[in-house]
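These notes concern the structure reproduced below.
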Amino acid sequence: MRGKKGVISLLVAVLFIVSLSFSGCSKSSTPTSSQKSLADEQVLNINLGEEPPSLDPQLATDLVSFEVLNATLEGLVRLNKYGKIEKGSGLALDWEVSPDGLRYVFHLRDAKWSDGTPITAHDFEYAWKRALDPKTGSNYAYMLYYLKNGEAFNKGEAKAEDVGVRALNDKTLEVILERPAPQFLGLTGWGTYLPAQKAAIEKFGDKYGTSPDTMVYSGPYMIKEWNHEQNIVLVKNPYYWDKDSVKLQQINMDMVKEENTIIQNWETGRYDSISVPAQYIAKYKNDPNFHQMPIGVTYYVMFNNKSKIFSNVNIRKAFSYAIDRQSFVDYVFAGGGIPALAFVPPGIPGDKEEFRKEGGDYFKDNDVAKAKELLAQGMRELGIDKLPKIKFVAGDSDAARKHSQVLQEFWSKNLGVTVDIYNVAFKVRLDMMNKGDYDIVYTNWVADYNDPMTFLDLWVTDGGNNRAFYSNPQYDQLIKKANSTIDNSVRMQAMHEAEKILMEDMPIAPLLFRITSYLERPYVKDWIRFPVGIDDEWKWTYIEGKNK
């Protein structure tokens with residue numbers, strides 16, 4: 001019989017994994033050691049950039065939505081200022097883990113929803129089973145496959161009562177896992193794991209999360225106004241259990257896409273912080289308000305593996321090899337990135353060192369000769385001598401327009417092919433991706449947690465976010481193997497082998513690993529920026545003094 005040492009070792013491993021996420025924080029992301037005088041007006045003015053497609057936590061799939069959800073909802077755990085999980089940092093005051101790592105028991109604190117009703121363990125059981133319910137249609141349902149029978153329920157092979165989560169009483173939540181998963185504790189703070197009030201969802205139905213009056217909140221802030229495609233206004237939640245730590249009374253979030261307008265709003269003092277568009281990095285790089293930090297983001301183009309043309313692996317490779325990634329980074333990102341010759345970005349831990357250092361590169365950048373050879377071979381295999389019109393979908397921001405035009409030029413110059421660009425709004429692009437209404441999509445993936453699996457389990461057959469419609473049984477088996485062992489060396493080796501297959505099949509073409517650049521006023525304090533998962537944490541942010 002194993003003693004307490006097994007539990008302690010598991011928790012140490014969890015905290016180590018989570019803490020690694022934040023070793024790359026820039027100096028300005030580090031919380032201040034002591035709070036100075038507060039400005040009379042505690043209002044933060046920022047640019048969200050996009051309209052959140054959904055603020056239903058079990059349906060949201062994008063970072064914009066999760067940024068707002070993280071501000072307005074809270075799960076069992078919440079990362080502290082230093083990026084670590086500690087007991088009592090979220091809605092769970094305490095928890096125990098069984099020696100075999102399969103059973104978690106969470107003890108909830110006394111907390112209330114923004115309508116004054118208690119937050120209970122039943123809200124978590126309901127939310128998690130709702131995410132897994134195939135009727136809900138959650139693209140992130142696979143994030144809860146860690147639960148016993150979670151995948152089976154999602155695929156219609158088990159009942160809701162078979163899923164390994166249940167409320168033992170109002171304040172106690174029992175969770176049974178399918179297999180040990182050291183990263184599970186950190187995931188309980190992620191968007192899809194956030195609680196949902198059954199009464200509110202049943203009352204508002206499909207309208208839940210579409211306006212301020214169709215939501216209830218468990219986090220530091222509430223939505224006061226939501227003018228779609230224009231702005232969102234957050235205000236302090238008076239029912240939040242840790243409201244005394246929240247200093248901001250209001251956060252004004254614009255949805256401006258035009259880069260010149262964003263810069264003008266910074267120059268005129270409208271914004272307290274902005275992400276710096278690539279073309280302006282040179283202008284501001286010596287500004288004392290300018291900062292940079294690495295983030296767990298990979299930009300890539302995704303091929304529709306169901307389309308006639310891109311069902312062919314050699315044509316997919318041709319389009320990938322024809323891209324000059326170094327020029328792409330230098331020109332459109334002004335050096336704010338690293339050419340990506342694999343999919344998992346630097347900074348993610350592997351077995352003995354970073355996963356990327358262990359795996360290395362898988363193909364050559366700007367290999368035009370090979371690209372032409374592969375295109376010709378692929379066309380022969382398809383029995384065609386001319387490519388049909390190719391539908392290339394990208395965002396409608398200034399940056400996305402520029403990026404898609406540069407990629408279009410690479411393919412025209414290096415392969416002699418023409419692609420038609422469709423620049424569409426974020427929500428429209430997500431819908432087109434889900435429906436397969438594209439040939440190529442320009443997109444990116446942001447790490448949900450600090451493990452290679454957050455990038456690699458995207459591409460399992462019929463995965464919720466596998467919008468490339470890619471399928472390889474050998475790849476699926478390797479991901480399953482990595483998710484079925486607690487031996488870190490075995491896990492990492494399986495994921496390295498899976499990534500190699502991914503790059504051989506090339507359902508997606510990695511472009512670059514991102515470095516983010518931002519400007520921030522000196523009076524903005526304790527805006528915590530995380531390189532993995534949710535980018536921005538405003539729970540502790542405050543405006544110092546009267547420096548405006």
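Values below: all heavy atoms of this structure, side chains included; hydrogens, waters and symmetry mates excluded.
Cation-pi geometry between Lys391 and Tyr422 is met: the NZ or CZ atom falls under 6.0 Å from the ring centre, inside 45° of the normal. Remark: Lys306 qualifies as a cation-pi partner of Phe469 under the 6.0 Å distance and 45° angle criteria applied to the six-membered ring.
Between Phe106 and Phe184, the ring planes are tilted. Angles from 30° to 60° get that label. Taking the six-membered ring where tryptophan is involved, the planes of Phe328 and Tyr442 are perpendicular, since the angle between them exceeds 60° and thus also 30°.
When ring centroids are compared, Phe392 and Phe319 stay outside the 6.0 Å threshold. Proximity of the aromatic rings of Phe333 and Tyr299 is defined here by a centroid distance below 6.0 angstrom, and this criterion is met.
By the 4.5 Å heavy-atom criterion applied to side chains, Lys481 and Glu497 are not counted as neighbours. Contact annotation: the side chain of Asn139 approaches that of Asn434 to within less than 4.5 Å [non-hydrogen atoms, C-beta and beyond]. Looking at heavy atoms from C-beta onward, Met255 lies in side-chain contact with Pro52 at the 4.5 angstrom threshold. Between Arg529 and Glu520, the closest side-chain pair of non-hydrogen atoms falls below 4.5 Å. At least one side-chain heavy atom of Leu185 sits under 4.5 Å from a side-chain heavy atom of Trp95. Inter-residue side-chain proximity for Ile46 and Trp538 is flagged as met; some heavy-atom pair is nearer than 4.5 Å.
In this structure Asp396 satisfies the salt bridge (Lys or Arg N to Asp or Glu O under 4.0 Å) test together with Lys257, sequence neighbours excluded. Qualifying side chain to side chain donor-acceptor pair (under 3.5 Å) partners for Lys480, counting only residues two or more places apart in sequence or in other chains: none. Applying the ring pair (Phe, Tyr, Trp, His ring centres under 6.0 Å) criterion to Tyr146, with sequence neighbours excluded, gives no partner residue. Here Asn466 pairs with nothing under the side chain to side chain donor-acceptor pair (under 3.5 Å) rule; sequence neighbours left out. When the salt bridge (Lys or Arg N to Asp or Glu O under 4.0 Å) test is applied to Lys285, no partner is found at least two apart in sequence or on another chain.
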Side chains of residues 499-515: which donor-acceptor partners sit under 3.5 Å, not counting sequence neighbours?
unit_1, atom_1, unit_2, atom_2, d
Glu499, OE1, Arg356, NH1, 3.3
Glu499, OE1, Arg356, NH2, 3.0
Glu499, OE2, Phe343, N, 3.0
Glu499, OE2, Val344, N, 3.0
Glu499, OE2, Arg356, NH1, 2.9
Asp505, OD2, Tyr470, OH, 2.5
Asp505, OD2, Asn472, ND2, 2.8
Arg514, NH1, Gly336, O, 2.6

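Formation of a donor-acceptor pair under 3.5 Å by the Asp56 side chain with backbone atoms of Gly209 is not found in this model. Under the 3.5 Å distance criterion, the side-chain polar atoms of Thr485 are left unmatched by any main-chain donor or acceptor of Ala482. For Asn465 (side chain) and Gly463 (main-chain N/O), no donor-acceptor pair under 3.5 Å exists by modelled atom type. Checking side-chain atoms of Asp365 against main-chain N and O of Arg325 turns up a donor-acceptor pair under 3.5 Å. In this structure, Asn444 contributes its side chain and Thr298 its backbone to no donor-acceptor pair below 3.5 Å. Put simply, the side chain of Thr136 gets close to the backbone of Arg130: a donor and an acceptor are under 3.5 Å apart. Of the possible polar contacts, none joining the Ser311 side chain to the Asn305 backbone as a donor-acceptor pair under 3.5 Å is found.
Residues Val406 and Tyr331 approach most closely at CG2-CE2, 3.6 Å, considering heavy atoms.
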